[in-house]
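Pasting in a structure now, in structure tokens, and then I'll have a few things to ask.
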Number of protein chains: 2
Amino acid sequence: MPVDEFAGKVKGKIAKEVSSRGKWIFVRLEPAYFMLINLGMGGDLVYFTQGGELPEKYQFKLAFTDGSGFTIRFSWFGSIHLVHEKDLAEHRLTAHLGLSPIDDTFTPEYFKRLLGKRKARIKSFLLNQKNVAGIGNVYIQDILFVAGLHPDREISTLTEEEAAQLYDAIQTVLNRSVQLRGLEYEKDFYGRKGGYTMKEFLVGYKTGHPCPTCNTRIERIKTGSTSSYICPKCQPLE
Amino acid sequence: MPVDEFAGKVKGKIAKEVSSRGKWIFVRLEPAYFMLINLGMGGDLVYFTQGGELPEKYQFKLAFTDGSGFTIRFSWFGSIHLVHEKDLAEHRLTAHLGLSPIDDTFTPEYFKRLLGKRKARIKSFLLNQKNVAGIGNVYIQDILFVAGLHPDREISTLTEEEAAQLYDAIQTVLNRSVQLRGLEYEKDFYGRKGGYTMKEFLVGYKTGHPCPTCNTRIERIKTGSTSSYICPKCQPLE
DNA sequence: TAATCTAACAACGA
DNA sequence: CTCGTTGTTAGATT
């Protein structure tokens with residue numbers, strides 16, 4: 001959408017509820033629109049006060065009538081979509097998102113039924129936002145380590161117990177990050193860096209380091225097109 | 001659909017126009033229905049007169065009020081779908097069929113635009129019924145030979161001339177078959193075998209025979225999951 | 001021999 | 001650190 005058209009449609013609207021699903025942020029603009037924001041492979045969405053400092057670099061700025069507002073710096077592949085409310089349910093990129101793992105309705109039972117008896121590999125399945133919305137290649141590393149699962153395990157071979165452990169691992173890792181307000185290289189709305197530092201990682205990005213459980217050297221392997229960091233002893237493939 | 005339900009819906013209707021698209025036969029049943037027939041990997045759909053002979057073996061029979069009718073013997077993977085006319089446009093298996101190459105609107109210009117600059121291999125593209133409806137693994141053999149193209153040629157590398165030759169080859173081979181009323185092992189509605197015999201094939205199913213153009217031995221190769229018969233000299237891959 | 005849908009996977013590009 | 005698109009392949013279908 002051309003910038004003019006975007007600005008024309010947004011100007012004068014009132015920003016209402018802000019929600020999220022997976023990696024998407026939904027801002028309701030009254031009347032009749034939604035602004036959908038996706039930071040892609042990284043970026044900062046930060047607030048500024050009236051007369052306050054703005055970041056050196058940003059690609060998007062939205063100002064409120066009181067002089068405050070926010071900017072967005074996209075680092076790679078981010079996007080903003082402006083969608084009429086009547087088109088929201090069919091919006092190609094967000095209509096088919098799965099549930100957020102930290103959603104109340106994402107129960108152990110829901111997760112077990114979702115897994116079913118598929119042929120897919122567990123990592124590939126969890127990274128697919130249509131299945132579960134919000135897990136990326138950063139958090140998946142420790143999730144699978146905590147669950148004791150190799151990224152290439154076929155879902156149909158998971159035992160009840162393994163599925164339950166996986167559910168718990170997802171909750172543990174993601175809630176820890178929520179608590180710490182995200183990764184070190186991310187900022188929250190008020191510009192504060194996240195507290196989820198390298199020290200938090202158990203195996204992710206720790207190639208050659210000892211496994212925190214068994215001291216085996218952590219390996220980096222290729223799983224499809226993404227990298228995985230695993231303890232070969234704690235996460236065997238059989 | 002259970003047999004009873006099928007029979008109940010068909011009984012008393014009037015068979016109107018019969019048409020085809022690719023490998024599908026459409027029979028309009030008045031009022032409000034279409035019977036869609038697909039013979040899959042082979043079968044005979046033959047008429048019988050009142051009091052006339054019926055084939056020894058068949059899986060489907062439809063009788064008209066005058067005592068005539070037709071039977072279908074399916075050899076593999078055939079099917080009949082009964083669809084309400086209001087659902088026809090969304091019917092999963094027929095809604096996305098491409099044009100028949102012998103349709104009037106299948107012009108050289110249409111074909112050239114359809115090919116575009118894709119990465120797909122030419123054989124795989126032509127066998128996909130969403131692109132072009134009606135070419136199977138039998139006729140594709142001589143089509144590609146007549147066009148001088150290797151089945152694995154990338155579409156984006158085709159010259160204007162090669163695309164034009166391919167268009168002509170499709171027309172030549174398919175029209176010849178229409179003229180001869182199909183393959184030797186097929187029957188028309190009146191039970192007559194087709195006249196497109198093995199003698200008509202140039203390279204298809206002729207492994208080891210000399211190429212009709214250059215005498216090179218014809219080879220059988222694997223292309224994806226299908227077999228291809230080619231003259232390695234007339235159909236080089238570069 | 002012949003057909004084709006589906007799921008999973010890989011290459012590619014923005 | 002992402003993900004949609006396109007195309008390929010293995011498996012299933014009866």
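Everything quoted here is computed from the prediction, not taken from an experiment. Chain A is the first sequence line, chain B the second, and so forth, proteins listed ahead of strands; every chain is numbered from 1.
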Separation of B/K130 atom NZ from D/dT8 atom C1', in whole Å?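 So the NZ-C1' distance, B/K130 to D/dT8, works out to 14 Å.
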Please compare A/L127 and B/T223 by the position of their nearest nucleotide in DNA chain D and report the one closer to 5'. A/L127
Minimum heavy-atom distance between A/E154 and A/K119, given as atom pair plus value: CG-O, 3.0 Å
Polar contact flag, side-chain donor to acceptor under 3.5 angstrom, B/K123-B/T226: yes
Residues A/R73, A/E56: salt bridge by 4.0 Å N-O rule: no
Report yes if at least one side-chain N or O of B/Q129 is closer than 4.0 Å to OP1 or OP2 of C/dT4; otherwise report no. yes
By nearest-heavy-atom nucleotide on DNA chain C, the more 5' of B/R92 and B/G40 is B/G40
Integer-rounded Å distance: C/dA8 P and A/L115 CG: 12 Å
Just how far, in rounded Å, is P of C/dA7 from NZ of A/K117? 18 Å
Length of the CD1-P vector between B/I37 and C/dT4, whole Å: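 Rounded to the whole Å, the gap is 16 Å.
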How about A/Y139 and A/F201: are their ring centroids closer than 6.0 Å? no
Going through the distances and angles, do A/F70 and A/Y47 end up as a ring pair (Phe, Tyr, Trp, His ring centres under 6.0 Å)? CA-CA 4 Å; A/F70 65 86; A/Y47 179 69; 8.5 Å; no
In whole angstrom, give the distance that lies between atom NZ of B/K222 and atom P of D/dA10.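 Whole-Å distance recorded here is 11 Å.
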Which of residues 184-209 of chain A have a heavy atom under 4.0 Å from DNA chain D?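 Only A/Y185, A/Y205 qualify.
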Watson-Crick or G-U stems involving DNA chain D, each at least 3 pairs long, distances under 3.5 Å, ordered by first number: C:3-14 with D:2-13
If we count only N and O atoms by modelled type, under 3.5 Å, do the side chains of A/T172 and A/R176 hold a donor and an acceptor together?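 Short answer, no.
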Quick one: B/I155 CD1 to D/dT8 P, roughly how many Å, whole number? 8 Å
Closest nucleotide of DNA chain C for B/I135 versus for A/G224: which of these residues is on the 5' side?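 Nearest-nucleotide comparison on DNA chain C picks B/I135.
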Considering only heavy side-chain atoms of B/R121, the closest of D/dC1, D/dT8, C/dA3 is D/dT8
Do B/S100 and B/R21 have side-chain N/O donor and acceptor atoms under 3.5 Å apart? no
Tell me which of A/K119 and A/Y229 sits closer to the 5' end of DNA chain D, going by the nucleotide each one is nearest to.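 In this pair, the answer is A/Y229.
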No-hydrogen, no-angle side-chain donor-acceptor test under 3.5 Å, A/Q141 and A/N137: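 Side-chain D/A pair, A/Q141 to A/N137: present.
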Looking at B/Q59 and B/F74, would you say the former's side chain and the latter's main chain have a donor-acceptor pair under 3.5 Å?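 Confirmed, B/Q59 side chain pairs with B/F74 backbone.
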With a 4.0 Å cutoff (strictly under), does any side-chain N or O of B/S227 reach OP1 or OP2 of C/dT1?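 Checking C/dT1 against B/S227, no side-chain N or O comes under 4.0 Å of OP1 or OP2.
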Using a cut-off of strictly less than 4.0 Å, decide whether A/S75 has a side-chain nitrogen or oxygen near OP1 or OP2 of D/dC1.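 Checking A/S75 against D/dC1: no side-chain N or O falls below 4.0 Å of OP1 or OP2.
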Return the nearest nucleotide to the side chain of A/F77; candidates are D/dT2, D/dT8, C/dA2. D/dT2
Do the side-chain N and O atoms of B/Y229 and B/T207 include a donor-acceptor pair separated by under 3.5 angstrom? no
From D/dT8, C/dC5, C/dC9, pick the nucleotide closest to the side chain of B/L93?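 In terms of side-chain proximity for B/L93, the closest of D/dT8, C/dC5, C/dC9 is C/dC5.
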Closest listed nucleotide, where the reference is the side chain of B/W76 and the choices are C/dA2, D/dT2, D/dG4: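 Of C/dA2, D/dT2, D/dG4, C/dA2 is nearest to the side chain of B/W76.
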A/I122 CD1 - C/dC9 C1' separation (whole Å):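 Computing the A/I122:CD1 to C/dC9:C1' distance gives 16 Å.
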Could you tell me the separation between the CG atom of B/N38 and the P atom of D/dT13, rounded to a whole number of Å? 18 Å
Proximity to the side chain of A/V138 - top-ranked nucleotide from D/dC1, D/dG7, D/dC3: D/dC1
